[in-house]
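Notes follow the structure.
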Amino acid sequence: MRVCSIIGYKGESLAAPLLVTCLQKMEYRGYDSVGIGTINDGKVSVKKGVGRVEDVDSNLLLRVLPGRIGIGHTRWATHGEVTEKNAHPHTSCNGEIAVVHNGIIQNYSELKSKLIRKGHIFKSETDSEVIAHLLEEDYVQSGNLRGAVQNTAKKLAGAFSFIAAFSDGTIAGARFDEPLIVGISNDGYYISSDVVGFLKYTDRAIFLDNRDIVILNGSEMEMISFDGAPVVRPITQVAWEFGGIDKGTYAHFTIKEINEQVDTIVKSGKDQENKIEQVSELLKSAPFVYFTGSGTSYHCALVAKALLSKYGRRKSDAIMSSEFQYLVNDIEPDSVIVAISQSGETADVLEVVKKAKPVGSKIISIVNVPTSSLARLSDISVHMNCGPEIGVAATKSFTSQLTILYAIIDELSGGVIGLEDQRYRLRNAVKELIERQSVIEQITDEIKDVKDIYVLGRSIHYPIALEGALKIKELSYVHAEGIPAGELKHGPLALIDKNSCILVLNPNDSTFDDVKANAHEIKARGAVLIGIGSSPSDVYDLFIAIPEVDEVLYPLLEVIPFQMIAYYLALEKNANPDYPRNLAKSVTVK
Ligand code: F6R
């Protein structure tokens, strides 16, 4: 699995410094190695190294590569180790073609063996390098660059997008199941895996479709299909707000985004009232509703299912997208699928949607990127409108998607939740929780050396236990597990001793007494107990009080202390909370 950023530029400015800036903007996607290749005077020059863009650039001075044509890459690897030789761009044997790639080439070993038999010498362990050699093989024989790109794209199996730079100054990009976007600026063209890459320079974008190829030759841009037929795609104006991504006065994007929830919780869904009404109508008449998503977005799906059953009196299911894709062919034909995804590019979610459409399902999506692949595949797409989320861990996008689902279910149930009347109360409650930094730091200090953290919750709080544990493990690298509190005695209690730390979601609702009883069972085993709820109790060593709001809205608030604990625990462990090891922001391959 790999999530990389790719970028190409051809224009009047020097390419390398631009490409470095573009890659920095996209670094949240993958960040273990980086490389740039430029074309100047008919010669391909490449520099690459291991580490973050800024570090590699200061060591190798990527930005001084000559030329006004170039390609760049940041990598997030599992296929081939994190080494300089595996970093992109990869070059052909004759050194006249350089390639950057995002995705996975499933048939690469078969292609590689054939190319080796033809005399090609491979320099890396990556699947991506086959693209450079395939292009060379075809181009050298046919002298037809356009044909070589088409034939190469057609030979690749899997999900991919690639950009190739040729020594004659041509740049070509091709996509299949991975995003690729052309940016048109006054001084040239960009080709990128993410609009964020070039938004600093232009907001005019063309979203390529599957099996599209773009060729930048001279000052011309040509778009064709893998079969060579001309392709026309509209130019879209992309929201500039995505370009202005800055940490401001915060130390990290993650803490900035945690703080932004004070506003995003008020804003989410506000300008989408029509769509929220349409979605609620669709859910009312649907024979069956499935909520799906990955990671944090799946946890949101679990809360939505519980809300729809309790307040909307409708049966539904929440299935994580990585599993749902194997079941989706057999679902009821007129089902509605609510696909939740911050990026709108998560491969597992897209796979579910692509399989569900031919079965006759209606697709509703909740996304933060309105131009994303998921939004474009949906019958109705509701925009989270919480601004760009750069920290790899989902924070404000979770509370935004959840708020939108509350709004949908409120609409469907005739206003029983009363979300609108409580928005400002919620806002103040989020603010109060974020300001409780000193308790959070006390807790972080208490748990900084524990090896295992368990998070317990019942009913609608169980998804928050899962989300809380996910935040802790991904940011601080401490083992954390969310457990339904009632399941404790069916097994997990065996794990608990005086070296464990248990965080207990114990709000004042129908789950209160049962959860408190579970807390006592744990206390008897000597573990450190931290309560999160509205009524402090002696059973807890430390307690985080959740400000009073209607019970139904607790999940929106309970998650905030976990985001904060995870952030401060990461700092304690000297981990970078914005860029957790081995992870990437949008997981665009399976
Ligand atoms: C966790 C996290 C991931 C994402 C998951 C889905 O903090 O960020 O678990 O939630 O990869 O991503 P989206 O929502 O973009 O589909």
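Start at 1 and go down the list; that is how both ligands and their atoms are numbered.
- In the candidate list Leu350, Val369, Thr296, Leu475, Thr296 is nearest to atom 3 (C) of ligand 1, counting heavy atoms.
- Shown in contact with Gly295 at under 4.0 Å from a heavy atom are these atoms of ligand 1, numbered in order with element: 9 (O).
- Summarising the contacts of atom 16 (O) of ligand 1 with Val392, Thr346, Ile340, Asn368, the nearest heavy atom is found in Thr346.
- Counting only N and O atoms by type, the side chains of Gln325 and Asp348 include a donor and acceptor under 3.5 Å apart.
- Other residues, nucleotides and ligands contribute at most 12 non-hydrogen atoms within 6.0 Å of the NZ atom of Lys310.
- Using a non-hydrogen distance threshold of 4.0 Å, Lys471 registers as a contact of ligand 1.
- Panel note: side chain Tyr406, backbone Val552; a donor-acceptor pair is recorded below 3.5 Å.
- Here is the list of ligand 1 atoms found below 4.0 Å of a heavy atom in Ser343: 13 (P), 15 (O), 16 (O).
- Residues passing the side-chain contact (heavy atoms from CB on, under 4.5 Å) test with Asn576, sequence neighbours excluded: Arg52, His252, Asp578, Tyr579.
- Counting the atoms of ligand 1 from 1 in the order shown, those under 4.0 Å from a heavy atom of Ala393 are 7 (O).
- A salt bridge links Arg427 to Asp263: one of the charged nitrogens lies within less than 4.0 Å of a carboxylate oxygen.
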Solution key, residues 374-381 side-chain donor-acceptor pairs under 3.5 Å, sequence neighbours excluded:
from: Arg376; atom 1: NE; to: Thr371; atom 2: O; distance (Å): 3.0
from: Ser378; atom 1: OG; to: Ser365; atom 2: OG; distance (Å): 2.8
from: Ser378; atom 1: OG; to: Leu374; atom 2: O; distance (Å): 2.6
from: Asp379; atom 1: OD2; to: Ile363; atom 2: N; distance (Å): 2.7
from: Ser381; atom 1: OG; to: Ser365; atom 2: OG; distance (Å): 2.9

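- Close approach of ligand 1 to Glu474 is summarised as follows: ligand atoms under 4.0 Å from at least one heavy atom of the residue are 1 (C), 7 (O).
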